[in-house]
Amino acid sequence: MESQFIAWLRQRLHGHRRLLLGPGDDAAVLRLAGGSDCVITTDLLTDGVDFLLDRTDPRRIGRKALAVNLSDLAAMAARPVAAVVSLALPHEGALELAQNLFEGLLPLAERFDVAIAGGDTNTWCGPLAISITAIGETTARGPLTRTGARAGDRLLVTGDFGGSIRGKHLDFEPRVAAALLLHEQFDIHAGIDCSDGLSLDLARLCAESACGAVIDLDCVPVAKAAFEIAEEESAGVASEAPQPTVAENALRHALGDGEDFELILAAPSRQAAELISRQPLAPVRLTDIGEFVADRGLWQRRAGSVLPLKPRGWEH
Ligand SMILES: [Mg+2]
């Protein structure tokens, strides 16, 4: 539903003289008086969809609600500035819950120098919903967008993928510092953060850049948690039919689980080679997992054979 709605909205809206970049990227960019550019993004997290309140420390939920916004600012290579926090709280225990959500998000706000500028708080008979809007500023290089990938660019990612449900989906580190460093010191053509699935978010970046991408399956950095889940899944199968190997299953998790909140980047080939050899984000690893191509769509490559890859991920 969400992607259809955004497509409709982009047709329906007529732009605005201040809006340099509207719906369709990780954040919007607004031109302010004086010529500075403001980057703005918002996320709505709901109990039962984005977290389970009865099984999760509310401090981790509060932290996540801010961190997902910081991840979107990172995808734009914007420096975080401020955030406003809106809560719809279930009636019972509302005050304590609100306090705990903030106890979780405030340390992250301090670490990223984000001013908590206000918000709104309601109680109701529904589940907890927390919406944070974050504001950032562009650096001298301007925003990093989804539109700049070109055929021949290498496909780079930070960190590893899959199995985020084991904890990373709550406790991930927004790649703000990584994005700012890369955008300032290197030539990065395009970027997106992986919120919904490596293959799905890559497909979104490709769509905005009007190109396609080939993923070298053997190069995808698969998280340990993805292997653990894959092992448990294969142990639980009592079937005579041939089953995918644990490694295949773990790769499937890496390509489609989502909530990794890593960066997916396009960089010109020579620049990418330098980044891979220098590893400027260490200990965060940069990995080259494929290339952008002129033909639209996604492909998977292994041992010389190239097959179409269906984008998979979390559809809200
Ligand atoms: Mg995003």
Side-chain angles (χ1 to χ4, degrees), residues 1-7 9-10 19-30 38-46 49-51 63-81 83 108 112 114 130-138 142-149 155-159 161-162 164 168-180 182-183 188-209 213 254-266 284 298 311-316:
M1 187 291 283
E2 189 185 30
S3 54
Q4 279 172 289
F5 173 62
I6 293 171
L9 191 62
R10 289 171 81 175
L19 198 59
L20 305 187
L21 195 60
D25 214 303
D26 291 281
V29 182
L30 287 164
C38 162
V39 182
I40 186 156
T41 182
T42 192
D43 260 292
L44 172 65
L45 304 188
T46 317
V49 179
D50 303 281
F51 56 83
R63 184 194 183 279
K64 176 179 183 171
L66 179 60
V68 295
N69 281 279
L70 297 181
S71 183
D72 276 327
L73 292 181
M76 305 297 290
R79 189 176 291 117
V81 173
L108 192 70
F112 284 86
V114 172
I130 174 167
S131 173
I132 296 189
T133 299
I135 295 161
E137 59 190 359
T138 56
L144 180 66
T145 70
R146 297 181 180 180
T147 58
L155 166 57
L156 305 182
V157 294
T158 61
F161 292 81
S164 65
K168 190 182 183 186
H169 77 112
L170 289 167
D171 304 321
F172 66 92
E173 174 74 9
R175 297 298 184 203
V176 172
L180 289 172
L182 291 176
H183 191 48
I188 305 295
H189 284 166
I192 186 171
D193 70 322
C194 178
S195 51
D196 299 339
L198 174 54
S199 56
L200 183 58
D201 287 312
L202 174 60
R204 289 171 176 158
L205 189 152
C206 286
E208 295 300 320
S209 290
L255 292 173
D257 277 0
E259 300 222 298
D260 307 288
F261 297 103
E262 298 293 349
L263 297 171
I264 303 169
L265 303 162
V284 177
L298 282 193
R312 278 187 314 103
W314 176 253
E315 298 271 10
H316 293 267

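Count residues from 1 along the sequence. Counting starts at 1 for both ligands and their atoms, following the listed order.
- Of the possible polar contacts, one joining the K64 side chain to the D50 backbone as a donor-acceptor pair under 3.5 Å is found.
- Using a distance-only test at 3.5 Å, with no hydrogens or angles considered, a donor-acceptor pair links the side chain of H183 to the main chain of G142.
- Between D257 and F161 there is no side-chain heavy-atom pair separated by less than 4.5 Å.
- In this structure a side-chain-to-backbone donor-acceptor pair under 3.5 Å is present from R63 to F172.
- Taking T158 as the reference, E262 meet the side-chain hydrogen bond (donor to acceptor under 3.5 Å, both in side chains) condition, with sequence neighbours excluded.
- Only protein N, O or S atoms were considered, and those under 2.8 Å from the Mg ion (ligand 1) are D26 OD1, D72 OD1, D193 OD1.
- A salt bridge links R10 to E208: one of the charged nitrogens lies within less than 4.0 Å of a carboxylate oxygen.
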